[in-house]
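Have a look at the structure below before the remarks.
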Amino acid sequence: MSDLPLLFKALNYAAEQHKSQRRKGNDSVPYINHPIKVTTILTQFVKKPCVELIAASVLHDVVEDTDATIDDIKSLFGDVIASIVQEVTDDKSLPKAESKKKQIDNAPHLSLNAKLIRICDKIANVRDICGENIPDWDYKTKIEYLNWAEEVVKGLGKFHDELEFTFKDEVRWGRLKIK
Ligand code: ZN
């Protein structure tokens with residue numbers, strides 16, 4: 001059985017859930033562009049990713065940023081995908097600073113699949129923040145994001161040379177670009 005029906009089911013569900021959301025920034029990019037970008041990076045760098053990993057990447061912000069729950073993901077996509085999505089979902093009930101700190105603290109304990117999504121998410125965000133889709137953040141906010149993203153990625157440890165290198169390179173270029 002082909003993996004495509006499951007992938008398109010995930011893409012369709014994510015598009016539906018995020019349909020009224022826009023990314024931060026000046027050009028009101030539809031939110032769904034973000035999980036698509038993250039998954040594009042993932043499939044470029046990860047050799048033979050399993051369908052569960054790709055679907056979880058497509059769905060990675062659905063629970064954190066829409067009214068979907070982990071139980072919804074479980075019943076629609078099964079336990080494996082739901083557990084990866086759960087790992088990369090921040091607890092929105094916490095104050096922002098606390099949930100950001102928790103993401104750093106939890107980084108070493110993530111499964112390999114969750115680490116792969118986490119680093120691709122950070123690469124996509126650094127590209128957006130420092131690149132053409134510059135959100136109207138001031139310099140200090142951008143630097144704070146880069147510093148925090150570096151802490152999170154450091155916490156992930158060594159797990160994928162190419163992605164770690166790409167992240168470091170994006171941050172290095174990002175710092176130069178926003179100067
Ligand atoms: Zn994301």
Side-chain angles (χ1 to χ4, degrees), residues 2-66 68 73 76-78 80-90 103 107 110-135 137 142 145-146 148-150 152-153 156 158-178:
S2 159
D3 292 339
L4 286 176
L6 177 60
L7 288 179
F8 276 86
K9 184 180 167 186
L11 197 51
N12 187 52
Y13 183 76
E16 274 294 314
Q17 288 298 315
H18 290 301
K19 70 182 173 201
S20 56
Q21 300 172 318
R22 295 288 177 273
R23 290 285 284 170
K24 296 179 185 106
N26 305 325
D27 44 2
S28 301
V29 174
Y31 197 93
I32 190 66
N33 287 32
H34 165 69
I36 292 174
K37 267 189 201 173
V38 171
T39 310
T40 302
I41 297 168
L42 185 96
T43 53
Q44 276 169 343
F45 284 95
V46 180
K47 288 186 191 84
K48 298 197 179 141
C50 62
V51 64
E52 288 83 5
L53 171 59
I54 303 175
S57 171
V58 168
L59 297 165
H60 80 270
D61 278 333
V62 155
V63 174
E64 190 172 307
D65 289 330
T66 79
I73 305 298
L76 286 165
F77 299 101
V80 176
I81 292 172
S83 94
I84 304 170
V85 172
Q86 172 120 60
E87 283 189 89
V88 293
T89 298
D90 284 345
Q103 205 181 111
L110 296 180
S111 66
L112 176 60
N113 282 337
K115 285 183 180 186
L116 291 168
I117 295 174
R118 185 65 94 209
I119 196 167
C120 293
D121 188 39
K122 293 290 181 276
I123 292 169
N125 284 339
V126 170
R127 280 181 187 166
D128 274 355
I129 288 164
C130 304
E132 302 97 64
N133 302 321
I134 294 182
W137 289 1
K142 288 179 184 175
Y145 184 89
L146 294 178
W148 171 69
E150 277 185 324
V152 174
V153 169
L156 297 173
K158 288 205 68 60
F159 65 101
H160 194 290
D161 288 348
E162 269 186 283
L163 279 169
E164 288 158 46
F165 177 82
T166 302
F167 172 79
K168 279 185 196 146
D169 214 38
E170 287 298 337
V171 171
R172 194 166 55 85
W173 276 109
R175 286 187 192 280
L176 292 172
K177 270 190 267 181
I178 62 175

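Hydrogens, waters and symmetry mates are skipped; everything else that's a heavy atom, side chains included, is used.
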Taking the side chain as everything from C-beta on, heavy atoms only, tell me whether D121 gets closer than 4.5 Å to V88. no

Does any part of the side chain of L163, heavy atoms only, come nearer than 4.5 Å to the side chain of I41, both counted from C-beta? yes

Taking only residues at least two apart or on different chains, which pairs with a member in residues 32-51 satisfy ring pair (Phe, Tyr, Trp, His ring centres under 6.0 Å)? Y31-H34, H34-H60

Identify, with sequence neighbours excluded, every residue that meets ring pair (Phe, Tyr, Trp, His ring centres under 6.0 Å) alongside W173. none

Please walk me through it: do H18 and T66 pass side chain to side chain contact (heavy atoms under 4.5 Å, CB included)? CA-CA 7 Å; H18 290 301; T66 79; 3.5 Å; yes

For [X] and [Y], work out which heavy atoms get closest and say how close.
{"X": "S2", "Y": "L4", "answer": "OG-N, 2.9 Å"}
{"X": "E87", "Y": "S111", "answer": "OE2-OG, 2.6 Å"}
{"X": "V171", "Y": "E150", "answer": "CG1-OE2, 3.4 Å"}
{"X": "A124", "Y": "V38", "answer": "CB-CG2, 3.8 Å"}
{"X": "S57", "Y": "I117", "answer": "N-CD1, 3.6 Å"}

Could you name each residue pair satisfying salt bridge (Lys or Arg N to Asp or Glu O under 4.0 Å) that touches residues 43-66, not counting sequence neighbours? D65-K92

With sequence neighbours excluded, tell me which residues meet side chain to side chain contact (heavy atoms under 4.5 Å, CB included) with [X].
{"X": "K142", "value": "I129, I134, W137, I178"}
{"X": "A55", "value": "L7, A10, I81"}
{"X": "N33", "value": "V29, P30"}

For side chain to side chain contact (heavy atoms under 4.5 Å, CB included), just list the numbers for T40 and Q44, CA-CA rounded to whole Å, side-chain angles, deciding distance to a tenth of an Å, and then say yes or no. CA-CA 6 Å; T40 302; Q44 276 169 343; 4.1 Å; yes

Answer yes or no: are there more than 12 heavy-atom neighbours, outside F165 itself, under 6.0 Å from its atom CZ? no

Can you check whether H160's main-chain N or O pairs, donor with acceptor, with E164's side chain at less than 3.5 Å? yes

Please walk me through it: do I36 and L11 pass side chain to side chain contact (heavy atoms under 4.5 Å, CB included)? CA-CA 8 Å; I36 292 174; L11 197 51; 4.0 Å; yes

When you measure from the centre of the six-membered ring of F77, is the NZ or CZ of K9 under 6.0 Å away and within 45° of the axis? yes

For E170, the option from R175, R127, K177, K122 that meets salt bridge (Lys or Arg N to Asp or Glu O under 4.0 Å): R127

